[in-house]
J.: 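I have a structure I would like to understand better, so I am pasting it below and will then ask my questions one at a time.
The first residue in the sequence is number 1, and the count goes up from there. Computed from a prediction, not measured in an experiment: that's the story for all the values here. Heavy atoms only: backbone and side chains are in, while hydrogens, waters and symmetry mates are out.
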Amino acid sequence: MVKFGVLIVRRVMCILYCWEEAFLDFLDRHNTKIQAVLHPLSMASLLSVIGFLLIYDMLYALPGLMDSQGLCYKLNCMWSIFMVYSIFSNLWVCFWTDTSVQALPALRLRPPQEEAHLWHYCSSCEIMVPPRAWHCRLCKVCSLKRDHHCTFTANCIGHFNQRYFLVFLFYGTLGSFQSLVYNFMFVWKSGAFIVADPFLIMSFGQPSRDPFMGWKVLTSMVLKVNLVAAMAAGGMFFSQMLMVYRNSTCFLMSDRTYDLGAMNNFRQVLGRRGFWTLLSAHLNSPLPHDGTEWQMTKHTDV
């Protein structure tokens, strides 16, 4: 019975390996076409969702909850605009930041003698690359401390731009949950919460003759979109925070090889100014090193 189970596991692993190879081969052959479709589509989706929720909250949800001429409304609008600015400014800088090995000065493209054994050869780029640097099939370069390829930024997330990606996710999560609270209160106050789910409609027997039924259905649909956006942003932000906390990457999330402690780990991503980088994407915050030399620890716990 045990041997049969082992055979099944091996068969499944073989199938998964074949699928992976087929997928990677597909990426290599259709790289340009994939990027031409995937990146603009991802950015258009992001712009549409954030722009729609901002306008909807400022013009409909918030005026339905508070005086549109009052100070509270104006402060909420200013804060929402600041969050949207922070989202797109960090996204923009993340897009333009080159985190590839090839961007290093020529002198840093050769390993120090005492660390030569830690570097490895990239057969695609045909160069030696430092620890934690890996090749991206979409960018066609090796990225320093490569985490993953982000379709929203059309760039790899790595050593030099992870700060901007983290802050982008922070404000994206904060803004989506703030909008979710506003929309939930607005839907509840307008009596549209009943039509937010078919089972609630059947339970409460919402009359179809309600002249505001169409508006209630629309507001409940916006609430659902907002909920999905908040869950997606929150999930990505939580996973990214976990990796920064451990000083790990997406493909080795549980790895503690480079864990220097929470504060030091965050400083390696956010730079010298630490959490002050939340104020602006244009705030200069030098990183501790250039991404070629990584201090290792002896952590073994997960």
J.: Counting N and O atoms only, with roles assigned by atom type, does the side chain of Ser285 sit under 3.5 Å from a partner on the main chain of Arg272, one being a donor and the other an acceptor?
T.: yes
J.: First locate atom OH of Tyr73, then atom CG of Asp67, and finally report the distance between them rounded to the nearest 0.5 Å.
T.: 10.0 Å
J.: Say you draw a straight line from CD1 of Ile87 to CG of Leu54; how long is it, rounded to the nearest 0.5 Å?
T.: 9.0 Å
J.: Looking only at atom types and distance, does a side-chain atom of Ser179 sit under 3.5 Å from a main-chain N or O of Gly175, one as donor and one as acceptor?
T.: no
J.: Taking all heavy atoms of Cys125 and all of Lys140, pick out the closest pair and write down the distance.
T.: SG-O, 4.4 Å
J.: Please report the interatomic distance CG(Leu166) to CE(Met241), rounded to the nearest 0.5 Å.
T.: 6.5 Å
J.: On a heavy-atom basis, which atom in Thr153 and which in Cys94 lie closest, and how many Å separate them?
T.: CG2-SG, 3.8 Å
J.: Any sub-3.5 Å donor-acceptor pair from Asp147's side-chain atoms to Cys250's backbone N or O?
T.: yes
J.: So, does Thr99 use its side chain to make a donor-acceptor pair with the main chain of Ser143 at under 3.5 Å?
T.: no
J.: Kindly say whether Met253 contributes a backbone atom to a donor-acceptor pair with the side chain of Ser248 at under 3.5 angstrom?
T.: yes
J.: Assert yes or no for the condition that the ring centre distance of Phe165 to Phe152 is strictly below 6.0 Å.
T.: no
J.: Between Tyr171 and Tyr85, is the ring centre distance below 6.0 Å?
T.: no
J.: Ring centres of His120 and Trp134 under 6.0 Å apart?
T.: yes
J.: Do Asp259 and Thr297 have side-chain N/O donor and acceptor atoms under 3.5 Å apart?
T.: no
J.: To check you understand the geometry: which heavy-atom pair defines the closest contact between Ala116 and Pro111, and what is its length?
T.: CA-CB, 3.9 Å
J.: Out of curiosity, Leu109 CG to Gln102 CD, how far, rounded to the nearest 0.5 Å?
T.: 8.0 Å
J.: Are the side chains of Leu260 and Arg267 in contact, using a 4.5 Å heavy-atom criterion?
T.: no
J.: Look at the aromatic rings of Phe237 and Phe170 and report parallel, tilted or perpendicular, splitting at 30° and 60°.
T.: tilted
J.: Tell me which one of Thr97, Leu287, Val269 satisfies side-chain contact (heavy atoms from CB on, under 4.5 Å) with His159.
T.: Leu287
J.: Mark yes or no for whether Asn247, through its side chain, and Tyr258, through its backbone, hold a donor-acceptor pair below 3.5 Å.
T.: yes
J.: Distance-only, no hydrogens or angles: does the Asn161 side chain make a donor-acceptor pair with backbone N or O of Asp98 under 3.5 Å?
T.: no
J.: Can a donor-acceptor pair be found, under 3.5 Å and without considering hydrogens, that links the side chain of Asn90 to the backbone of Ser86?
T.: yes
J.: Are Val244 and Gln162 close enough, and set up right, to give a side-chain contact (heavy atoms from CB on, under 4.5 Å), and what steps lead you there?
T.: CA-CA 9 Å; Val244 175; Gln162 190 175 16; 3.8 Å; yes
J.: Nearest heavy-atom pair of Thr277 and Leu270: which atoms, and what distance?
T.: CG2-O, 3.5 Å
J.: Counting only N and O atoms by type, is there a donor-acceptor contact under 3.5 Å from the side chain of Arg246 to the main-chain atoms of Asp255?
T.: no
J.: Could you measure the distance from the CZ atom of Arg110 to the CH2 atom of Trp119? Nearest 0.5 Å is fine.
T.: 10.5 Å
